Structures are given as structure tokens and as C-alpha cells.
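See below for the structure under consideration.
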Protein chains: 2
Amino acid sequence: MDNYTKLLIESKLFYPGSVKGTFCLLPKGNKIWEFIKNILDNEFEKKGIENVVFPTLISKKLFEKEKKHISGFEPEFFSIEEKKKSSIVLRPTSEVTFYNLLKKNIKSYKELPILYNQWGSVFRKELNISPFFRNTEFLWQEGHTIHNTKEEAINFTKNILNIYKNYAEKILLLAVLSGKKSEKEKFSGALESYTIECLLPDGQCLQLATSHYFGNFFCKAMGVNFRNEFNKLKNPYSTSWGTSTRAIGAIVKNHSDNLGLILPFDISPIQIAFIIIKKKKEIFDYYVNINSKISSFYRCCLYNKEKQNYFNIFQADKEGCPIKILIGEKELKGKFITLSRRNVKKKKEIFEENILKELIIEKNIFQEEVFLKSKKNLEKNIFQEEVFFELLKKIKKGGLFLIPFCNNINCEMEIKNKIKSYSIRCINENKYKEMKKCIFCEKNTNHSAYLGRSY
Amino acid sequence: MDNYTKLLIESKLFYPGSVKGTFCLLPKGNKIWEFIKNILDNEFEKKGIENVVFPTLISKKLFEKEKKHISGFEPEFFSIEEKKKSSIVLRPTSEVTFYNLLKKNIKSYKELPILYNQWGSVFRKELNISPFFRNTEFLWQEGHTIHNTKEEAINFTKNILNIYKNYAEKILLLAVLSGKKSEKEKFSGALESYTIECLLPDGQCLQLATSHYFGNFFCKAMGVNFRNEFNKLKNPYSTSWGTSTRAIGAIVKNHSDNLGLILPFDISPIQIAFIIIKKKKEIFDYYVNINSKISSFYRCCLYNKEKQNYFNIFQADKEGCPIKILIGEKELKGKFITLSRRNVKKKKEIFEENILKELIIEKNIFQEEVFLKSKKNLEKNIFQEEVFFELLKKIKKGGLFLIPFCNNINCEMEIKNKIKSYSIRCINENKYKEMKKCIFCEKNTNHSAYLGRSY
């Protein structure tokens with residue numbers, strides 16, 4: 001078992017299921033996922049998105065409708081042979097269920113847009129299993145929408161990407177690349193795919209969330225149409241977008257240190273860990289008093305299961321509690337508390353009357369420091385390169401390369417031959433001011449792209 | 001399609017999936033289920049129960065461990081033949097996953113009790129499909145716990161039944177029978193099963209929730225043990241308990257009338273429907289003013305999609321909004337609103353300044369009336385009977401029979417031969433004061449039981 005998996009089990013987030021590649025989310029892991037759900041649901045609600053539940057089981061016949069129309073999109077799915085004629089597929093994604101539902105229920109432009117999302121599990125046959133990164137069964141959120149106009153659908157796709165980017169940076173505290181996928185890398189069937197990707201400690205890029213614009217391609221294929229303002233039959237424009245329990249894997253891999261997890265404040269099951277330095281009634285009462293002042297604002301927990309404080313602190317650190325508050329003789333006498341942020345060693349004394357005010361500051365500093373560490377690590381690993389032979393030399397050391405790139409599919413298909421295991425992660429949002437030459441084919445271009453190893 | 005299914009589709013709660021017996025919960029249906037989840041989670045949290053996520057996929061080998069030990073418990077499950085040696089089962093329930101997880105993770109009595117619950121979907125091969133009542137895939141909550149002592153586990157089982165009973169009566173507004181299952185009807189492997197059952201309009205009893213006490217039987221079979229206070233290896237005592245999307249079916253079947261749904265107040269996606277009688281700026285402003293006073297306390301919605309008010313009222317009624325507020329010229333002038341409860345025809349005028357106070361009263365009356373209707377219907381259909389030949393005569397007209405019953409398994413096995421399609425629904429919690437004779441075998445008993453047709 002690798003250290004990462006060991007840490008997941010020891011910190012009681014995760015335990016493997018009985019089928020390879022499946023997992024149990026234990027109470028702590030489930031809470032992290034629930035906080036993520038609430039935070040994203042809150043953002044989705046502002047956009048008018050409604051949650052639904054789609055079935056896990058999809059008829060194979062319906063599923064194959066999609067396969068016919070999207071060459072290349074053939075995920076490895078599980079199928080259950082019921083009778084010869086009625087096989088069942090375990091959903092690898094729910095596009096077909098969504099379009100099949102709308103096909104029968106949408107009549108007029110007045111009903112548009114339809115903005116649905118579901119939280120659920122999906123199933124993929126994966127060979128190389130890694131907890132939260134590659135799983136046979138994992139949890140995700142999948143959004144599906146249809147719109148009256150192209151512009152509305154494109155804007156929606158981009159708006160969702162912004163939600164994801166904000167979520168990655170402000171909630172997960174992960175610096176990410178974000179932008180359009182290249183021609184080769186975009187989701188099969190999509191006209192445009194947007195992605196956010198973070199860098200893992202081993203230098204691989206991890207796709208954290210994607211948002212796709214389908215044009216009216218998918219609706220045409222599935223026979224979804226509606227009457228527009230002029231009573232004409234039209235196919236709506238559609239999008240889909242998702243993010244998964246990969247997020248949990250990403251924060252564990254990126255923020256942990258040799259003591260254990262470091263959990264982002266907003267999604268940490270316990271935000272403040274209390275440690276009582278000396279077992280004495282007056283000190284315990286002092287803790288109760290401090291706790292009563294802050295426990296309606298923060299998720300607090302007293303770590304006192306072990307006799308020796310060393311082990312209580314060890315436990316709180318292993319679980320990744322962002323902030324520890326230590327209370328002992330000295331604190332009681334001086335009417336202060338000793339606070340330490342999980343990500344640094346230094347401690348700070350805070351007077352009782354300032355606790356609430358100071359906690360806001362400490363929380364913000366914690367969030368900022370953890371994010372900045374991730375940001376610096378990302379920046380440190382991005383290298384600008386415009387000359388192919390230089391790239392070939394440097395690439396051996398790993399990292400991400402910002403290169404001039406023409407975004408032509410033929411040129412992109414050649415990358416694999418030229419540089420093994422590397423691919424275009426996304427097109428840079430900012431164009432060059434002057435024209436440059438594509439690092440591969442040397443055609444003129446003002447586009448740049450990130451080249452990296454994908455997970 | 002029957003009227004019930006039609007109503008589910010027309011009121012936009014539900015739409016069938018592509019595989020027979022599966023369903024989509026549309027935004028309204030999903031909201032009802034989410035409210036139910038929140039209300040029950042709140043009660044579960046008070047008992048210290050923690051939510052987890054278990055995988056849908058279970059290894060067949062592990063699943064069969066359970067089968068060996070519990071004769072009779074062989075639900076029709078779906079299996080996926082992967083390789084000859086590694087078949088997969090779609091969970092019909094998650095007992096084995098729970099025990100398998102604990103087997104490897106529990107060491108000491110200090111860690112007990114373990115109180116886990118999960119919200120998810122389960123899969124059963126069902127022949128006679130009915131939306132929310134019998135499904136191939138449905139949503140439920142399944143709790144699994146282990147305890148140090150017998151007493152604690154038994155009490156826990158009963159406490160959970162109380163939560164369910166309260167939930168059925170106060171939230172779903174359904175009168176229920178509650179009590180112990182008879183020997184024959186209890187869950188295979190359980191030492192004691194408790195149930196709550198409501199009566200459907202067609203006279204069938206519907207099991208709404210169950211709570212089971214397993215003794216240490218299940219833990220023994222699955223090899224779960226721990227060291228107790230005296231360092232001795234012991235098998236813990238376990239329970240499991242669940243309730244499902246059947247609840248949605250039950251409220252739709254029981255509370256609906258010829259206008260459509262009547263949704264219980266606490267789980268209705270929209271609690272108060274506004275209808276503007278006349279389109280006029282001053283009246284609209286008056287509505288905005290009233291809405292601003294109540295919308296932070298209740299889920300409100302203006303029904304104004306149709307030109308004719310008749311249709312807006314029709315829609316609010318079809319969807320089952322518990323309370324309608326009508327605002328027109330007369331209301332604006334008199335500074336009042338006209339309120340009507342969904343379950344009765346009469347309207348009431350309420351002065352603007354009394355709205356919040358009166359809404360609490362109207363809400364309570366609504367809840368009480370809907371529940372009382374259900375309660376009266378249940379009571380009206382319960383007949384006391386002590387003579388077998390009388391029972392045979394009366395049973396043709398349907399209904400529930402409260403009978404003296406010995407609760408002996410052999411006597412119970414005979415019921416099917418004597419009275420087709422009827423079975424013991426549950427043992428009455430109150431014993432007779434004097435001894436009576438079992439209606440079937442005529443042995444002395446002070447127990448009584450409810451005999452009815454089960455769904």
C-alpha cells in the first residue's frame with residue numbers, strides 16, 4: 001500500500017470496498033464531500049440550477065444511441081445481461097437519460113432553459129486503480145442543461161467553469177490551470193470543452209472539473225426539440241459539466257505533510273481542535289468557556305482521548321485540523337489561549353476578549369498560506385519554451401511547459417510520437433501580442449498552450 | 001398508465017427511467033426527498049448517528065457469506081459476471097459492506113457504539129413494478145449499528161422506530177400501525193423486527209420503515225469482534241433500519257384528491273402559492289409587500305404563468321401547495337389577504353398585520369386536518385374480531401383486523417392456508433388485560449395482532 005492510501009485510511013476518510021476500485025467514505029470523508037456539495041449547490045442555485053436524481057441503470061439500447069452518434073466516446077462501462085433483448089448498463093455518465101427525459105417533456109421555448117444537476121455515483125472499468133483518482137465507482141456531480149440560443153449555452157459553459165475555478169482556489173485551496181481544451185483533448189461530441197487542472201506533487205496534471213458546450217449536436221442526435229418564439233421546431237443547445245471525489249484526492253496529495261492531512265478550512269469536518277494541556281477542573285472550565293464563545297461559528301472538537309497530550313496533538317495534526325487551540329495553566333492565569341495554524345510551527349497567544357476577531361484573521365491567513373504554497377508550486381513548475389529542441393532537453397526533468405501552439409488537430413496528433421506521455425493540458429486564455437511559431441509545426445500562431453503529463 | 005402514475009408525472013415529481021422499474025426524481029420530487037433527508041438526518045444526528053457512503057458494487061463472494069448464514073434472506077439481486085472468479089452484485093442492502101468494514105477496523109469497546117447511516121440507491125429484481133412502491137432501483141436510507149451490550153442495541157432499535165413513527169405522523173401526516181413483527185414476518189436473520197405501516201386507499205398495508213435487532217448473530221457470522229472492558233474477545237450486538245422513497249408514494253396515494261396532490265407542509269417544495277386575481281401594478285406591489293413579510297419563513301411562489309387565474313389556481317392545487325394566498329382589488333383596498341387551505345374549500349380573510357401569526361395557525365390546522373383524515377381512515381378500517389368464522393365472513397369486505405394471536409410460528413404458517421393474501425402486519429403493543437384464545441389455534445394468549453393484506 002502506498003503512503004497516500006495509508007494516509008487516507010489512517011485519517012479515517014476512506015476504506016476500500018469489497019470490489020477493486022470501489023470505496024467507502026467514512027464519516028469524515030463523507031463530511032468533506034457533503035461540505036463540497038453544499039458549497040457548490042449554493043453556487044449552482046444562484047444560477048437557477050435544480051437538482052434531480054437519475055437512475056443508475058440505463059437501458060443498453062438507449063445507451064447505444066449515444067455511442068452511434070459520438071465516435072470515440074466509448075467509456076468502458078459495466079453491463080448486466082438481463083435477457084437477450086434488454087441489457088442494462090451502469091451509468092458511466094447520464095447524458096442519455098437527460099436527453100431521453102427532455103425529448104418527451106419539452107415543448108416550448110417558454111420552458112427553456114432547463115438546468116439540471118445530480119449528485120451520484122458513476123461506474124467505469126479502470127485498470128490502474130488509485131483511490132479518488134481512478135475508481136471503478138466514484139461520486140460526482142453531473143450537470144446537464146439545454147438552452148434556446150447558442151450564446152446562452154456558451155456563456156453558461158464558461159460561467160460554470162468560473163464556479164469550478166473559484167471553488168478550486170478558494171475552497172480546495174488549489175492553484176489551477178484553466179482554459180479551453182485543445183481539439184484532440186476535448187470531450188467526444190463537445191464543440192468546446194473547458195477544464196481546470198491542478199498539479200500533483202509528482203508533476204502530473206489532474207483534471208479537477210470540466211464544462212462542455214455541445215452546440216445542438218447532442219439534441220439533434222437524441223431527437224430533442226422545441227417550438228421557438230416563431231413556432232418553428234428547433235434543437236436546443238446543450239451543455240454538461242462535472243466535478244468528482246477526485247477533489248478529495250487532490251487536497252490530500254497536495255496539502256499533506258509528514259504529520260498528516262492539512263484540510264482546507266471550509267470543508268474540514270473539524271475546524272478548530274482544542275487541546276487541554278493539564279487535566280484540572282479550572283482549566284477544563286476555562287476551555288468550556290472559550291468553546292462556548294466560538295462553537296456556534298466554527299466546528300470545534302476537544303481532542304482528549306489519549307492520556308498524553310502529545311498523542312492528542314498528533315491526532316489533530318494527522319486529521320488535518322486547520323487550527324489548534326491549546327489551553328493550560330499559563331493560559332488560564334493570563335486569560336489567553338495559545339493558537340497554532342496547522343501549516344506552520346509557530347504559535348500565537350491571543351487574549352480571551354480578542355478570540356473571535358483573531359480567529360477570522362488566523363483562518364484567512366491559513367487559507368492564504370495554503371493556497372499560496374500551491375500557487376508557488378504551480379508557478380515554479382511552469383517553464384516557457386519556444387524552441388522544440390530545448391523543450392526536448394528540459395522535458396526530461398518534468399514540469400509544465402507554456403509553448404506557442406497552433407491548435408491544429410494534425411499537429412497535435414504528432415505530439416505523442418514526438419514526446420511520449422505528454423499532451424496539451426489546455427489552451428492559455430491570454431494570447432501572445434505578436435505572432436509566434438508553433439513549437440511543433442512552426443506555423444504562425446498567437447496561441448499558447450500548457451503541455452504536461454496527465455494523470 | 002394508472003391514475004396514480006399519471007398524477008406523479010403530471011405533477012412533475014417523477015418520470016420513468018429507461019430500464020423498467022427505475023425512475024428519475026424531477027426537481028420537485030428531489031426536493032421532497034431532500035426535505036425528508038434533512039428532517040431524518042436531524043433526528044439521527046441527535047442520536048450520534050454519522051453518515052457514510054458505501055459502494056453500490058459488492059463482491060459476490062462477500063455477499064454470499066451473508067447468504068450462507070441467513071436462510072431465507074435471498075433477495076433477487078443483480079449480478080455482473082466480470083471474470084469467473086470475481087462476480088459483482090449490485091447492493092440490495094449493505095449489511096455485508098458494513099460488517100466487512102468493521103471487521104478490519106474495530107478493536108476495543110472504547111470505539112463502540114458505531115452508528116452509521118447512508119442515503120443511497122439499492123437494487124432489487126421486482127416483477128410487479130409500481131412507482132415508489134416496487135422498483136428495480138429506489139432510494140432509501142439504511143442505518144447499521146453495533147453496540148457493546150444487548151440492552152443498548154435493543155433500546156436503539158426501539159428508539160429508531162420512534163423516530164420513524166414520529167416522522168410518519170408529524171411529517172408525512174400518515175397514521176400508522178406500529179409494533180413488533182410476528183415470527184414469520186420479521187426480517188431474515190433478525191431476532192426482533194419493528195415496523196410502521198400505513199393503510200393505502202385500496203386497503204393494503206404499506207411497510208413504511210423497519211428497524212431490526214440482530215443480537216450478535218450477524219457479527220458472529222461475519223467475524224466482527226472487539227475486546228471488552230475485561231480484555232475479552234466479544235461479538236458486538238447489531239441493528240439495521242431503513243426507510244425509502246416509498247414515503248413519496250404513500251403521501252401521493254393517501255393525501256391526493258381529484259384536484260391533484262396534497263403535500264404535507266414541511267416537505268412541500270412550495271408551501272404558499274400566491275395568486276394575483278387582477279393584473280394591476282398596485283395589486284402586484286401589494287403582493288410584493290406581503291411576500292416580503294413571509295418569504296423568509298416559508299417557501300413561497302407566485303403562480304402567474306397562465307393568463308387566466310383559473311389555470312394558475314388549478315396548477316397550484318394540482319401540485320399540492322398546502323396554502324394559497326389570493327390577492328386582488330378587494331384585498332388591496334381592505335388591506336387583507338384571502339387564504340385557503342388545500343384540503344378544504346372554504347376561504348378566510350386575514351388582515352395584513354396578522355398574517356405571520358395566522359399563518360402559523362393555518363399551517364397547524366392544515367397539518368392536523370390532513371393527519372386526522374388519515375387517522376380516521378385507519379381507525380374506520382380496523383375491526384376487532386375474536387371468532388374465526390366471523391373473521392372469514394367479514395374479511396371479504398377488506399380491512400384490518402385486530403385479533404387475539406398466539407404469535408407461534410406454526411400457527412402463523414397456517415394463516416396462508418386459511419385466509420389467502422392476508423398476513424400478520426404487526427403485534428399490537430398493548431396486551432389484553434385478561435387471557436383470550438388465539439383466533440386461529442385457540443391457545444390461550446394475551447397478545448393481539450393486526451391482520452391485513454400487505455402491499
Side-chain angles (χ1 to χ4, degrees), chain A residues 9 12 15-31 33-34 49-63 78-82 86-90 94 96-98 100-101 104-105 110 115-118 120-121 123 125 135-139 245 305, chain B residues 9 12 15-31 33-34 49-63 78-82 86-90 94 96-98 100-101 104-105 110 114-116 118 120-121 123 125 135-139 245 305:
Chain A
I9 293 176
K12 298 193 175 173
Y15 200 78
S18 59
V19 171
K20 197 186 161 199
T22 64
F23 58 79
C24 304
L25 280 187
L26 301 187
K28 271 184 195 140
N30 182 63
K31 269 183 191 157
W33 187 236
E34 287 294 323
I49 296 159
E50 299 179 294
N51 282 341
V52 295
V53 177
F54 290 155
T56 309
L57 308 178
I58 302 178
S59 106
K60 199 168 192 171
K61 210 174 140 195
L62 180 68
F63 189 69
F78 284 95
S79 67
I80 307 168
E81 298 299 327
E82 274 303 281
S86 65
S87 301
I88 295 172
V89 166
L90 294 192
S94 301
V96 288
T97 304
F98 175 69
N100 197 48
L101 172 71
K104 292 164 189 162
N105 288 285
K110 287 180 192 165
L115 313 174
Y116 283 175
N117 176 55
Q118 90 158 327
S121 52
F123 305 83
K125 285 190 185 171
N135 287 99
T136 310
E137 177 180 359
F138 60 92
L139 304 170
T245 34
K305 281 197 183 159
Chain B
I9 293 176
K12 297 192 174 174
Y15 200 78
S18 59
V19 171
K20 198 187 159 197
T22 64
F23 57 80
C24 303
L25 280 186
L26 300 188
K28 272 185 193 137
N30 181 64
K31 270 183 190 157
W33 188 235
E34 288 292 323
I49 296 159
E50 299 179 293
N51 282 341
V52 294
V53 177
F54 290 155
T56 310
L57 307 179
I58 301 178
S59 107
K60 198 167 191 170
K61 211 175 140 193
L62 180 69
F63 189 69
F78 284 95
S79 68
I80 306 169
E81 298 300 327
E82 274 302 282
S86 66
S87 301
I88 296 172
V89 166
L90 294 192
S94 301
V96 288
T97 303
F98 176 68
N100 197 48
L101 172 72
K104 291 164 189 166
N105 287 285
K110 286 181 193 165
I114 300 281
L115 314 174
Y116 283 175
Q118 91 157 327
S121 52
F123 304 83
K125 285 190 186 172
N135 286 99
T136 309
E137 176 181 0
F138 60 91
L139 303 171
T245 32
K305 281 198 183 156

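Quick caveat, the model's predicted, so the values are computed rather than measured. In what follows, every heavy atom counts, from backbone to side chain, and hydrogens, waters and symmetry copies are set aside.
Classified by interplanar angle (parallel below 30°, tilted 30° to 60°, perpendicular above 60°), the ring pair B/F123/B/F78 is perpendicular.
Among the candidates A/C24, A/G120, A/G17, A/P27, the residue making the largest number of heavy-atom pairs closer than 4.5 Å to chain B is A/P27. Note: A/V53 leads A/N51, A/I58, A/L90, A/V53 in heavy-atom pairs under 4.5 Å with chain B. Looking only at heavy-atom pairs under 4.5 Å with chain A, the residue among B/S59, B/G21, B/S121 that has the most is B/S59. Contact count against chain B (heavy-atom pairs under 4.5 Å) is highest for A/K104 among A/K12, A/Q118, A/K31, A/K104. Chosen from B/T22, B/L101, B/N30, B/V89, the residue pairing most often with chain A at heavy-atom distances under 4.5 Å is B/N30. Among A/N105, A/L139, A/T97, the residue making the largest number of heavy-atom pairs under 4.5 Å with chain B is A/N105.
Proximity to chain B is absent for every atom of A/N117, based on heavy atoms less than 4.5 angstrom apart. With a 4.5 Å cut-off on non-hydrogen atoms, B/T56 touches chain A through its backbone and its side chain both.
Once rounded to the nearest 0.5 Å, the distance linking OG1 of B/T245 with CD of B/E137 reads 9.5 Å. Distance check: B/L57 CG to B/S87 OG gives 12.0 Å after rounding to the nearest 0.5 Å. Put simply, CZ on A/F63 and CG on A/N100 are 13.0 Å apart, with the number rounded to the nearest 0.5 Å.
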(request) Assess whether side chain to side chain contact (heavy atoms under 4.5 Å, CB included) is satisfied between B/I114 and B/F98, documenting all intermediate values. (result) CA-CA 10 Å; B/I114 300 281; B/F98 176 68; 4.2 Å; yes

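In this structure, the side chains of A/P16 and A/I9 come closer than 4.5 Å at one or more pairs of heavy atoms.
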